[in-house]
Protein chains: 2
Amino acid sequence: MARRATIADVAALANVSSATVSRALSGNYPVAESTRARIEAAVSELGYVANAQARALAGIPTRTVGIIIQEIVDSFYAFVARGVEQEAAASGRLCLVCCTHGDPRQELAFLDLLHEQRADAVILVGGSISDKRHAGEVMARGKSLRDTGSLLIHCGRATPSEDIAAVEYDNGGGAFAATDHLLTNGHRRILYLGGPKRFSTSVDRLEGYKRALASRGIEVDPELIQLGALGQRFGYERLKAVLAEGRLDFTAIFAANDNTAVGAYQALDEAGLRIPEDVSVVGYDDIPVAALLRPALTTVNIPLEEMGRRAVRLAVAHGNEYADAYSVSSHNVRLGTHLVLRDSVAPARKKRRQ
Amino acid sequence: MARRATIADVAALANVSSATVSRALSGNYPVAESTRARIEAAVSELGYVANAQARALAGIPTRTVGIIIQEIVDSFYAFVARGVEQEAAASGRLCLVCCTHGDPRQELAFLDLLHEQRADAVILVGGSISDKRHAGEVMARGKSLRDTGSLLIHCGRATPSEDIAAVEYDNGGGAFAATDHLLTNGHRRILYLGGPKRFSTSVDRLEGYKRALASRGIEVDPELIQLGALGQRFGYERLKAVLAEGRLDFTAIFAANDNTAVGAYQALDEAGLRIPEDVSVVGYDDIPVAALLRPALTTVNIPLEEMGRRAVRLAVAHGNEYADAYSVSSHNVRLGTHLVLRDSVAPARKKRRQ
DNA sequence: TCTCGCATAGCAAGCGCTTACATGATTTCG
DNA sequence: CGAAATCATGTAAGCGCTTGCTATGCGAGA
């Protein structure tokens, strides 16, 4: 195996000093045209490829951003990651993508690993920072990152920490709108399906649901609130159980996210219930599957890609500020959501078919 | 902003040399228990976080793997990426994920960037290596990577280059099986929908289709072969056009991948054609949407995650071999595919409803 | 008691790059 | 025409870490 060519090899071949090669390659300093040409020839003759590690060690930013998500095959995260990736690529940055599969310990481990990698910024999507039991540790990492010129950006909800920037989106408002839409269609008994209790995202959505009911003077029936997890599997199993028990009557379902709604569709289908004739359904997230479902799912759109892009922009801005002068301001941005009407909601009928 | 603590700071505080700190932290050399304790105390007091760049520069592998895909929000790639990410994480490696959006120039740029990053290995999924016009450039990168102790691994099809490892999967066989299934159901006029001509993947699938027809002595009607692109949009638009023209008669469709089939479903739906009563459909890839479609799509399963995992394993094996002794063997692995029967195929009827 | 060997730990070189500072060659202009 | 400014390039220090080699202190065997 050939020893990898270094800048010194290029310098020797081009008959200049390594400093000149560095200058020619970075373009940060003027270099005579003839010299540059010789250097370029040497580069391609030797197949020289710069060493990013050495460069980083010499004080150049790594041009790398980390992103920590739960699952890459989950459209929600994939779209955020896509926004991050696009915006990062646009500024010549590379993305380090880490998947926690929902394990907070993994999340912390990745946070450390990304710090070791000296990522310019790390973007945490829906982190366990909104989980009381882990928030402290995450925030400590955020501070550590911040103290050393990097930045932790949380996508999902602002944190109590000054050191962590945030790109928020409106959960309460979207849930209110979705529930209100159901109410407007005459539904009074709406099953709330999914969402672990300890994530703020879930808490906010549930709060929106309750607020919508309250705004019409409808009392919340705790039995109609079926918390637990998120996702197709949970949606299917829990709704199947509820249906099997047959005790609860409801004419509509508000699924805490689209994947949960997918599960609900299955359970409804198996129970011989038609959407929306027998039961109306709304979801949350507006991932592609929502439009593919039959009937197409009415759901709340979150600008996921935009969220990712904004996060990177925050990171870049932070980097620039930091270059100009020391700055501690970490801006938050807040994104709106909107209801997307499709075919899964119909006016409530008097009595659900049994 | 606090200067970042270095190993020297830790050493000073713990009253040892930096060499000892390094040894204590890496665990590669014995260090007295009492010393280790002092060092650990110093580390946490200072909030020391190792610098991966410095470590890499000193000759330690970066424990980083690059993966180049087209689209992170495309389930096909997402599942491969997931396999890569899982296997990488299992061996403590981080993933640099790059999306080309189908642009071969991007692909080359990422290949260079990942080489600069000194990724232990780079995994290219369905690269333009199977595109004659770019194969040369990609192979040059593969050789360059290989020459310097790294490895380029291609997922999709073996390459003519000795320097590039491959994790292949069977396109021809799957397409044969899918087509054969349709033939067994009595279909004789099968529309082949989608796939750019210049990718080997597409070529192989089309070849499988033709081979299946040939095996039953059926002549291939070139008009039934609708090439162009892949994806929902293409599937929808092309099929809509074909249907609008109304000249072609066929009783089944073989979509070159599932996303294309999704588009076909839409077009069929809009044309008032029922699946599978009027037209049978099969897809390829077996991404989750296939099971979600109504009727659920019969398709060819590719072990996507497994592909990603295997690629990483190849990389790790290469790294180990290389550690032991110089070795030039680059193994290829080949994965099978199988037909997944669902509800989108029915026996052919005499005449398609017009 | 003396020497040898082992367990620890320190010293310092070196990984490949950037850049402040120094140097020589040209040009510019009073 | 000479001093000063300008430009292109070289010199070398330093980024933070690892590790080969060396030094020290100690118990053990002779």
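We name chains A, B, ... by the order of the sequence lines, and we start the count at 1 in each one. For clarity, every value in this text was computed on a predicted model and none was experimentally measured.
- A straight line from CG of B/Leu57 to C1' of C/dC15 spans 4 Å, rounded to a whole angstrom.
- Contacts between residues 34-54 of chain B and DNA chain D, counted as heavy-atom distances below 4.0 Å, involve B/Tyr48, B/Ala50, B/Asn51, B/Ala54.
- Between A/His101 and B/Gln86 the shortest side-chain heavy-atom distance falls below 4.5 Å.
- Checked options B/Arg93, B/Arg63, B/His318; the residue passing with B/Asp120 is B/Arg93 (criterion: side-chain hydrogen bond (donor to acceptor under 3.5 Å, both in side chains)).
- For the pair A/Val125 and A/Ile69, the tightest heavy-atom approach, listed with the atom from each and the gap, is CG2-CG2, 3.8 Å.
- Annotation for B/Arg334: atom CZ counts as buried by contact number, over 12 foreign heavy atoms lying within 6.0 Å.
- Interatomic distance, A/Arg82 CZ to B/Cys99 SG, rounded to the nearest 0.5 Å: 8.5 Å.
- When each of B/Arg133, B/Glu137, B/Glu107, B/Arg105 is paired with B/Ser128, the side-chain hydrogen bond (donor to acceptor under 3.5 Å, both in side chains) condition holds for B/Glu107 and for no other.
- Within the model, atoms CG of B/Leu152 and OG of B/Ser144 stand 10.0 Å from one another, a figure rounded to the nearest 0.5 Å.
- For the segment residues 10-33 of chain B, residues with any heavy atom less than 4.0 angstrom from an atom of DNA chain D are, sorted by number, B/Ala19, B/Ser22, B/Arg23, B/Tyr29.
- Atom P of nucleotide C/dC11 and atom CD1 of B/Ile7 are separated by 14 Å, given to the nearest angstrom.
- Counting to the nearest Å, the P atom of D/dC17 and the CD1 atom of B/Ile60 are 12 Å from each other.
- Taking atom CD of B/Glu116 as the reference point, atom C1' of C/dC17 lies 12 Å away to the nearest angstrom.
- Rounded to whole Å, atom C1' of D/dC15 lies 12 Å from atom CZ of B/Arg4.
- Side-chain contact check for A/Gln53 versus B/Thr62: some heavy-atom pair is nearer than 4.5 Å.
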